[in-house]
Amino acid sequence: MNKWIMKKNNIIINNIEHFDPVHTFECGQCFRWERIDDSHWFGVVKGLALDLEWNGKDLILHNTTEDDFLKVWYSYFDLGRDYGDIKNRLSKNDPVMREAIGFGYGIRLLKQDFQETLISFLISQNNGIPRIKKIVESMAKSYGDPIECSRPGVHAFPSCERLSKLALEDFRVIRAGYRDKYIHRVTRQVCSGEVSLDTIMKGSIKEARLEMQKFFGVGQKVADCTLLFSGTRYDIFPVDRWVRRVMAELYLGYEADNEEINSFAMKKFGELAGFAQQYLFYYAREKKIGMY
DNA sequence: CCACAGGACGGCT
DNA sequence: AGCCGTCCTGTG
């Protein structure tokens, strides 16, 4: 549990542990944080804009309110979770995990908006991070509500309700390519109740993953990423090419298919699978594990 | 010009 | 049930 104080319009968390904005914002889970300089970041989350400062030990959330902190930022940054305990449990008898955690020690799983996460990871398929960010930004600029903040031209990520009213052609401007038809239909599937968000939130893991894949354009990978990065489920292990590489290289010794990797990871990491995935993914990508 | 990028669909066997 | 060509767009 982290202690925090309010000073003027800033929330300050002194000596925050298990956090580094580079690790957390650049581990591939989010697309709307911009690095200003070594200690300053700007992000747009759930209709709010935030100037974030991190000096190497203290986290400062500028120009916010206690209300927004308690309603949004506290859960978004997962401040109630004991990452020390998670790291200990994952590291136990696992030198690979210990190494990965030592490398990405400042990763936190952000609790992001479900709809935004769903659309963002729909866009992510067959795409690299710079382009994903560009498309998401374009989506906000074109159809999201403007936000008054320290910078001009900032927009919230548009709701599915708003997006569902658009025609397919309206998505051409965001340059999402063939994914525009997925976005078009998925936003309608969310609003119509064709896919049960209740099952996704409260069903068993198996039911939730199955229900997610009723969304047009959502396969297992996008389903799992959405569940994990929206903080809906943590006992989940998204498998993509980086995870496939790191598992082959550091655990299995051979190239296994997604299903085998998934069941191996679930058995090994259990309810902490989601955290394990992030440490491994970040480690693999930054170190380019298995690329040569 | 071609390969590939943090996949998924749809038509084929 | 599994395989595989194809899908927009940008970058190298």
Side-chain angles (χ1 to χ4, degrees), chain A residues 22-33 100 103-104 107 109-110 112 116-139 141-142 166-190 194-195 209-230 236-251 255-263 265 273-292:
Chain A
V22 175
H23 298 173
T24 294
F25 297 149
E26 295 184 355
C27 68
Q29 62 179 324
C30 57
F31 305 104
R32 295 208 74 189
W33 283 94
F103 183 75
I107 293 175
L109 278 173
L110 300 171
Q112 305 182 78
E116 176 174 344
T117 309
L118 174 58
I119 306 299
S120 298
F121 280 90
L122 260 184
I123 293 167
S124 81
Q125 65 181 255
N126 221 14
N127 251 336
I129 289 176
R131 189 174 171 220
I132 299 167
K133 285 187 168 178
K134 212 168 143 189
I135 295 170
V136 167
E137 217 48 54
S138 164
M139 181 97 116
K141 275 230 172 7
S142 302
L166 300 174
L168 180 56
E169 307 82 70
D170 296 331
F171 290 101
R172 298 309 325 248
V173 296
I174 66 172
R175 315 294 291 167
Y178 65 87
R179 306 158 195 83
D180 55 9
K181 58 183 179 291
Y182 297 159
I183 303 169
H184 182 250
R185 200 189 303 179
V186 162
T187 54
R188 284 155 199 254
Q189 286 178 300
V190 168
E194 179 186 338
V195 176
R209 295 176 85 199
L210 226 55
E211 191 68 17
M212 282 294 300
Q213 289 179 59
K214 288 185 184 173
F215 285 121
F216 184 54
V218 172
Q220 198 162 85
K221 196 268 181 180
V222 172
D224 289 354
C225 282
T226 303
L227 290 172
L228 180 58
F229 301 136
S230 62
I236 204 143
F237 196 83
V239 179
D240 58 32
R241 45 187 296 122
W242 285 106
V243 172
R244 266 200 302 279
R245 282 172 182 162
V246 75
M247 293 305 280
E249 193 85 11
L250 303 179
Y251 280 102
E255 298 267 352
D257 61 27
N258 289 14
E259 197 183 321
E260 185 181 350
I261 291 173
N262 196 74
S263 63
F275 301 93
Q277 194 270 5
Q278 277 300 276
Y279 291 122
L280 288 172
F281 173 81
Y282 185 68
Y283 184 70
R285 209 191 54 176
E286 294 298 313
K287 297 239 174 198
K288 305 195 185 304
I289 298 281
M291 274 197 77
Y292 307 108

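Throughout, protein chains are lettered first and strands after them, A, B, ... in sequence-line order, and every chain is numbered starting at 1.
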request  = Send over the distance from A:Q125 CD to B:dC4 P, rounded to a whole Å.
outcome  = 19 Å

A:F229 side-chain proximity, nearest of B:dG6, C:dC8, B:dA8 = B:dG6

Donor-acceptor contact present, side-chain A:T187 to main-chain A:H184, <3.5 Å = yes

message = Between A:Q29 (side chain only) and A:T24 (backbone N and O only), is there a donor and an acceptor less than 3.5 Å apart?
response = yes

request  = May I have the distance from A:K288 (atom NZ) to B:dG6 (atom C1'), rounded to whole angstrom?
outcome  = 13 Å

inquiry  = Any salt bridge linking A:E169 with A:R172? Criterion: basic side-chain nitrogen under 4.0 Å from a carboxylate oxygen.
reply    = no

ask   = What does A:V218 touch in the nucleic acid at a heavy-atom separation under 4.0 angstrom: a base, only the sugar-phosphate, or nothing?
value = sugar-phosphate

Interatomic distance, A:I132 CD1 vs B:dA5 P [rounded to whole Å] = 13 Å

ask   = Is there a Watson-Crick or G-U wobble partner for C:dG10 with both distances under 3.5 Å, and if so, which one is it?
value = B:dC4

message = In whole Å, I'd like the distance from the NZ atom of A:K181 to the C1' atom of C:dC8.
response = 8 Å

inquiry  = Between A:D170 (side chain only) and A:A167 (backbone N and O only), is there a donor and an acceptor less than 3.5 Å apart?
reply    = yes

inquiry  = In this structure, how many angstroms lie between the P atom of B:dC9 and the CZ atom of A:F216, rounded?
reply    = 7 Å

task = Report the distance from atom CZ of A:R179 to atom P of C:dC7, rounded to the nearest whole Å.
result = 13 Å

message = At less than 4.0 Å, is any side-chain N or O atom of A:R175 found next to OP1 or OP2 of C:dG10? Yes or no.
response = yes

Side chain A:R285, main chain A:Y282, donor-acceptor under 3.5 Å = no

ask   = Is the closest basic N to carboxylate O distance between A:E137 and A:R32 below 4.0 Å?
value = yes

task = Would you indicate, yes or no, if C:dT9 has its OP1 or OP2 atom less than 4.0 angstrom from a side-chain nitrogen or oxygen of A:R172?
result = yes

request  = Just call it for A:F281: base, sugar-phosphate, or nothing, with non-hydrogen atoms closer than 4.0 Å on any strand.
outcome  = base

inquiry  = Between C1' on B:dA8 and CZ on A:F121, what's the gap in Å once rounded to a whole number?
reply    = 16 Å

message = Using a 4.0 Å heavy-atom cut-off, does A:G128 contact any base of the nucleic acid, only the sugar-phosphate backbone, or nothing at all?
response = sugar-phosphate

request  = With the side chain of A:R245 defined as its heavy atoms from C-beta on, choose the nearest nucleotide among B:dG6, C:dC8, B:dA5.
outcome  = B:dA5

task = Could you measure between the two P atoms, the one in C:dC8 and the one in B:dG11, and give it in whole Å?
result = 14 Å

inquiry  = From the set B:dA8, B:dG6, C:dC8, return the single nucleotide nearest to any side-chain atom of A:C225.
reply    = B:dG6

key: C1' atoms of B:dG6 and C:dG2, separation to the nearest Å   = 24 Å

query = Mapping A:R285 and A:R185 onto DNA chain B by nearest heavy atom, which one lands closer to the 5' end?
reply = A:R285

ask   = Below 4.0 angstrom from OP1 or OP2 of B:dA5, is there any side-chain N or O of A:R241?
value = yes

key: Length of the CD1-P vector between A:I129 and C:dG10, whole Å   = 18 Å

message = When you measure only distances, ignoring hydrogens and angles, does the side chain of A:Y182 come within 3.5 Å of the base of B:dG7 through a donor and an acceptor?
response = no

